[in-house]
Trainee: 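Can you read through this structure? Questions will come right after.
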Amino acid sequence: MDAVRVALLREVLAGTEWLQTTRRFAGSLRASVGPREGGLLLIGSEEYEPWHLAAHLDDEAAWSGLPELSPTLVRHRVPDGPVPAHLSVGLGRLEGAGRGETLLVVTPGDPGAGLLERVNDARRGGATVLALDGGDSELHTLAHDALAVPGDAGLDLDTVQHLVSAAAGENSLPARPGRHRFGDRLARLAERLTAPPPPRW
(Lines give C-alpha, C1' and ligand atoms only; values in the text may rest on other atoms or scores of the structure.)
Protein backbone atom coordinates (compact mmCIF):
# COMPACT_ATOMS: atom_id res chain seq x y z
CA MET A 1 0.00 0.00 0.00
CA ASP A 2 1.60 3.27 -1.13
CA ALA A 3 1.37 6.69 0.49
CA VAL A 4 -1.62 7.75 -1.63
CA ARG A 5 -3.65 4.73 -0.55
CA VAL A 6 -2.71 5.27 3.08
CA ALA A 7 -3.91 8.87 2.78
CA LEU A 8 -7.21 7.70 1.28
CA LEU A 9 -7.59 5.12 4.05
CA ARG A 10 -7.05 7.82 6.64
CA GLU A 11 -9.79 9.90 5.04
CA VAL A 12 -12.18 6.97 5.26
CA LEU A 13 -11.26 6.42 8.93
CA ALA A 14 -11.47 10.10 9.88
CA GLY A 15 -13.55 10.46 13.02
CA THR A 16 -12.88 6.92 14.21
CA GLU A 17 -10.55 5.88 17.01
CA TRP A 18 -8.19 4.04 14.65
CA LEU A 19 -6.15 7.01 13.48
CA GLN A 20 -5.38 8.14 17.02
CA THR A 21 -4.84 4.57 18.24
CA THR A 22 -2.44 3.58 15.46
CA ARG A 23 -0.49 6.84 15.83
CA ARG A 24 -0.20 6.29 19.57
CA PHE A 25 1.12 2.77 19.05
CA ALA A 26 3.50 3.98 16.35
CA GLY A 27 4.76 6.55 18.84
CA SER A 28 5.50 3.78 21.33
CA LEU A 29 7.39 1.93 18.61
CA ARG A 30 9.43 5.00 17.70
CA ALA A 31 10.23 5.75 21.33
CA SER A 32 11.27 2.19 22.09
CA VAL A 33 13.74 1.63 19.27
CA GLY A 34 15.97 4.54 20.24
CA PRO A 35 18.77 5.77 17.99
CA ARG A 36 20.53 2.42 17.53
CA GLU A 37 20.11 0.65 14.19
CA GLY A 38 19.38 -3.09 14.31
CA GLY A 39 17.55 -3.07 17.63
CA LEU A 40 14.04 -3.73 16.29
CA LEU A 41 13.15 -7.42 16.13
CA LEU A 42 9.93 -8.36 14.33
CA ILE A 43 8.33 -11.79 14.75
CA GLY A 44 5.01 -13.49 14.09
CA SER A 45 3.57 -16.84 15.05
CA GLU A 46 4.40 -20.15 13.38
CA GLU A 47 1.36 -19.67 11.14
CA TYR A 48 1.79 -15.95 10.42
CA GLU A 49 4.96 -14.27 9.24
CA PRO A 50 4.79 -10.44 9.13
CA TRP A 51 7.08 -10.00 6.14
CA HIS A 52 4.78 -7.33 4.69
CA LEU A 53 5.18 -5.14 7.78
CA ALA A 54 8.93 -5.75 7.67
CA ALA A 55 9.04 -4.38 4.13
CA HIS A 56 6.95 -1.32 4.98
CA LEU A 57 9.00 -0.47 8.07
CA ASP A 58 12.15 -0.82 6.00
CA ASP A 59 10.72 1.66 3.48
CA GLU A 60 9.75 4.06 6.25
CA ALA A 61 13.24 3.82 7.71
CA ALA A 62 14.73 4.87 4.37
CA TRP A 63 12.23 7.62 3.57
CA SER A 64 12.25 9.21 7.01
CA GLY A 65 15.99 8.97 7.65
CA LEU A 66 15.41 6.76 10.70
CA PRO A 67 17.45 3.58 10.10
CA GLU A 68 16.48 2.26 13.54
CA LEU A 69 12.97 1.59 12.18
CA SER A 70 14.36 -1.02 9.79
CA PRO A 71 13.48 -4.33 11.48
CA THR A 72 15.15 -7.69 11.69
CA LEU A 73 12.56 -10.29 10.68
CA VAL A 74 12.90 -13.27 13.02
CA ARG A 75 11.53 -16.45 11.45
CA HIS A 76 10.28 -19.66 13.04
CA ARG A 77 11.60 -21.66 10.09
CA VAL A 78 14.49 -20.64 7.88
CA PRO A 79 14.44 -22.63 4.59
CA ASP A 80 17.35 -24.87 3.77
CA GLY A 81 19.75 -23.82 1.08
CA PRO A 82 20.92 -20.34 0.06
CA VAL A 83 18.77 -17.67 1.73
CA PRO A 84 19.35 -13.89 1.65
CA ALA A 85 20.83 -12.65 4.91
CA HIS A 86 17.77 -10.58 5.83
CA LEU A 87 15.59 -13.71 5.54
CA SER A 88 17.86 -16.09 7.40
CA VAL A 89 17.43 -14.95 11.03
CA GLY A 90 15.96 -17.74 13.16
CA LEU A 91 14.52 -17.97 16.65
CA GLY A 92 17.99 -18.16 18.16
CA ARG A 93 18.19 -14.38 17.71
CA LEU A 94 15.68 -13.94 20.51
CA GLU A 95 17.99 -15.66 22.99
CA GLY A 96 20.29 -12.67 22.95
CA ALA A 97 17.55 -10.01 22.96
CA GLY A 98 17.95 -7.63 25.83
CA ARG A 99 18.25 -4.06 27.02
CA GLY A 100 18.14 -1.49 24.25
CA GLU A 101 16.23 -3.77 21.88
CA THR A 102 12.55 -3.93 20.97
CA LEU A 103 10.62 -7.08 20.17
CA LEU A 104 7.49 -6.43 18.09
CA VAL A 105 5.18 -9.45 18.02
CA VAL A 106 2.58 -9.46 15.23
CA THR A 107 0.00 -12.21 14.93
CA PRO A 108 -3.73 -12.34 14.22
CA GLY A 109 -4.22 -15.54 16.23
CA ASP A 110 -2.75 -17.60 19.05
CA PRO A 111 0.96 -16.78 19.39
CA GLY A 112 1.66 -20.23 20.82
CA ALA A 113 3.22 -21.28 24.10
CA GLY A 114 6.72 -21.56 22.64
CA LEU A 115 6.73 -17.99 21.35
CA LEU A 116 5.25 -16.65 24.59
CA GLU A 117 8.07 -18.29 26.51
CA ARG A 118 10.67 -16.69 24.26
CA VAL A 119 8.98 -13.32 24.54
CA ASN A 120 8.97 -13.63 28.31
CA ASP A 121 12.69 -14.44 28.29
CA ALA A 122 13.40 -11.43 26.09
CA ARG A 123 11.45 -9.16 28.42
CA ARG A 124 13.27 -10.52 31.47
CA GLY A 125 16.50 -9.82 29.62
CA GLY A 126 15.54 -6.16 29.34
CA ALA A 127 13.98 -5.97 25.87
CA THR A 128 10.90 -3.82 25.30
CA VAL A 129 7.98 -5.93 24.09
CA LEU A 130 5.25 -4.58 21.82
CA ALA A 131 2.28 -6.56 20.52
CA LEU A 132 0.12 -5.96 17.45
CA ASP A 133 -2.38 -8.79 17.41
CA GLY A 134 -5.92 -10.05 17.73
CA GLY A 135 -6.05 -9.44 21.47
CA ASP A 136 -4.32 -12.41 23.11
CA SER A 137 -4.46 -11.81 26.89
CA GLU A 138 -1.22 -13.69 27.69
CA LEU A 139 0.74 -11.77 25.09
CA HIS A 140 -0.70 -8.47 26.31
CA THR A 141 0.37 -9.33 29.85
CA LEU A 142 3.96 -9.58 28.63
CA ALA A 143 3.85 -6.51 26.38
CA HIS A 144 4.85 -3.04 27.50
CA ASP A 145 2.35 -1.74 24.95
CA ALA A 146 -0.18 -3.52 22.76
CA LEU A 147 -2.65 -2.77 20.00
CA ALA A 148 -5.44 -5.31 19.54
CA VAL A 149 -7.31 -5.74 16.26
CA PRO A 150 -10.18 -8.08 17.11
CA GLY A 151 -12.07 -9.87 14.39
CA ASP A 152 -15.09 -7.60 14.74
CA ALA A 153 -13.08 -4.37 14.58
CA GLY A 154 -14.12 -3.53 11.02
CA LEU A 155 -10.45 -3.51 9.98
CA ASP A 156 -8.07 -6.39 9.45
CA LEU A 157 -4.60 -6.70 10.93
CA ASP A 158 -2.86 -6.07 7.60
CA THR A 159 -4.63 -2.72 7.17
CA VAL A 160 -3.71 -1.63 10.69
CA GLN A 161 -0.09 -2.57 10.02
CA HIS A 162 -0.07 -0.12 7.10
CA LEU A 163 -1.36 2.66 9.33
CA VAL A 164 1.17 1.89 12.07
CA SER A 165 4.16 1.71 9.72
CA ALA A 166 3.18 4.95 7.96
CA ALA A 167 2.69 6.75 11.28
CA ALA A 168 6.01 5.47 12.60
CA GLY A 169 7.91 7.39 9.94
CA GLU A 170 6.03 10.66 10.39
CA ASN A 171 7.10 13.78 12.27
CA SER A 172 10.70 12.72 12.02
CA LEU A 173 13.99 14.46 11.53
CA PRO A 174 14.79 15.59 7.98
CA ALA A 175 15.45 12.68 5.67
CA ARG A 176 18.94 11.83 4.50
CA PRO A 177 20.13 13.81 1.48
CA GLY A 178 18.52 12.49 -1.67
CA ARG A 179 15.72 10.74 0.22
CA HIS A 180 12.31 12.32 0.58
CA ARG A 181 8.94 11.20 1.80
CA PHE A 182 6.61 10.18 -1.01
CA GLY A 183 4.04 12.64 0.34
CA ASP A 184 6.54 15.50 -0.04
CA ARG A 185 7.19 14.56 -3.65
CA LEU A 186 3.44 14.34 -4.25
CA ALA A 187 2.92 17.83 -2.76
CA ARG A 188 5.62 19.31 -4.97
CA LEU A 189 4.07 17.68 -8.02
CA ALA A 190 0.66 19.12 -7.08
CA GLU A 191 2.20 22.59 -6.77
CA ARG A 192 3.69 22.31 -10.26
CA LEU A 193 0.38 21.12 -11.73
CA THR A 194 -1.60 23.99 -10.19
CA ALA A 195 0.95 26.74 -10.85
CA PRO A 196 0.35 29.20 -13.72
CA PRO A 197 1.97 28.07 -16.95
CA PRO A 198 5.32 29.73 -17.76
CA PRO A 199 5.39 32.37 -20.50
CA ARG A 200 5.87 31.01 -24.00
CA TRP A 201 8.82 32.45 -25.86
Trainee: Can you list everything that forms a side-chain hydrogen bond (donor to acceptor under 3.5 Å, both in side chains) with Q161? Sequence neighbours excluded, please.
Mentor: Y48, D158
Trainee: Keeping R75 on the side-chain end and L87 on the backbone end, is there a donor-acceptor pair under 3.5 Å?
Mentor: yes
Trainee: With sequence neighbours excluded, tell me which residues meet side chain to side chain contact (heavy atoms under 4.5 Å, CB included) with E46.
Mentor: H76, R77
Trainee: Is a side-chain N or O of Q20 found less than 3.5 angstrom from the main chain of E17, in a donor-acceptor match?
Mentor: no
Trainee: Heavy-atom distance under 4.5 Å between the side chains of V149 and L132, does that happen here?
Mentor: yes
Trainee: Would you find a donor on one side and an acceptor on the other, under 3.5 Å apart, between the side chain of S32 and the backbone of T102?
Mentor: no
Trainee: Within this structure, what is the CH2-CZ distance for the pair W18 and R23, rounded to the nearest 0.5 Å?
Mentor: 14.5 Å
Trainee: Would a 4.5 Å heavy-atom cut-off, applied to side chains only, mark S64 and L69 as touching?
Mentor: yes
Trainee: Would you say S88's side chain and A85's backbone share a donor-acceptor pair under 3.5 angstrom?
Mentor: yes
Trainee: Can you find a heavy atom in the side chain of D59 that is under 4.5 Å from one in the side chain of W63?
Mentor: yes
Trainee: Between L104 and L41, does a side chain to side chain contact (heavy atoms under 4.5 Å, CB included) hold up when you go through it step by step?
Mentor: CA-CA 6 Å; L104 174 56; L41 307 177; over 6 Å; no
Trainee: Rounded to the nearest 0.5 Å, how far apart are CG of L40 and CG of L29?
Mentor: 5.5 Å
Trainee: Side-chain contact test, heavy atoms from C-beta onward, threshold under 4.5 Å: evaluate it for V106 versus L157 and give yes or no.
Mentor: yes
Trainee: If you define the side chain from C-beta out and look only at heavy atoms, does anything of N120 sit under 4.5 Å from L116?
Mentor: no
Trainee: Got a list of side-chain donor-acceptor pairs under 3.5 Å for residues 133-146, not counting sequence neighbours?
Mentor:
| from | atom 1 | to | atom 2 | distance (Å) |
| --- | --- | --- | --- | --- |
| D133 | OD1 | G135 | N | 3.3 |
| D133 | OD1 | H140 | NE2 | 2.6 |
| D133 | OD2 | G135 | N | 3.2 |
| D133 | OD2 | D136 | N | 2.8 |
| D133 | OD2 | H140 | NE2 | 3.4 |
| D136 | OD2 | E138 | N | 3.2 |
| D136 | OD2 | L139 | N | 2.9 |
| T141 | OG1 | S137 | O | 2.9 |
| H144 | ND1 | V129 | N | 2.9 |
| D145 | OD1 | R24 | NH1 | 3.1 |
| D145 | OD2 | R24 | NH1 | 2.6 |
| D145 | OD2 | S28 | OG | 2.5 |

Trainee: Does P67 offer a backbone N or O that forms a donor-acceptor pair with the side chain of S70 under 3.5 Å?
Mentor: no
Trainee: Rounded to the nearest 0.5 Å, what's the gap from CG on L163 to CG on L147? Could you check?
Mentor: 9.5 Å
Trainee: Can a salt bridge be assigned to the pair E68 and R30 using a cut-off of 4.0 Å between side-chain N and carboxylate O?
Mentor: no
Trainee: Enter the distance from L94:CG to T72:OG1 here, rounded to the nearest 0.5 Å.
Mentor: 10.5 Å
Trainee: Side-chain contact, heavy-atom cut-off 4.5 Å: L103 with L130?
Mentor: no
Trainee: Are V119 and L42 linked, directly or through intermediate hydrophobic residues, by side-chain heavy-atom contacts shorter than 4.5 Å (ILVMFWY only)?
Mentor: no
Trainee: Rounded to the nearest 0.5 Å, what's the gap from OG1 on T128 to CZ on R99? Could you check?
Mentor: 9.0 Å
Trainee: Does the side chain of L115 come within less than 4.5 Å of V105's, by heavy atoms?
Mentor: yes
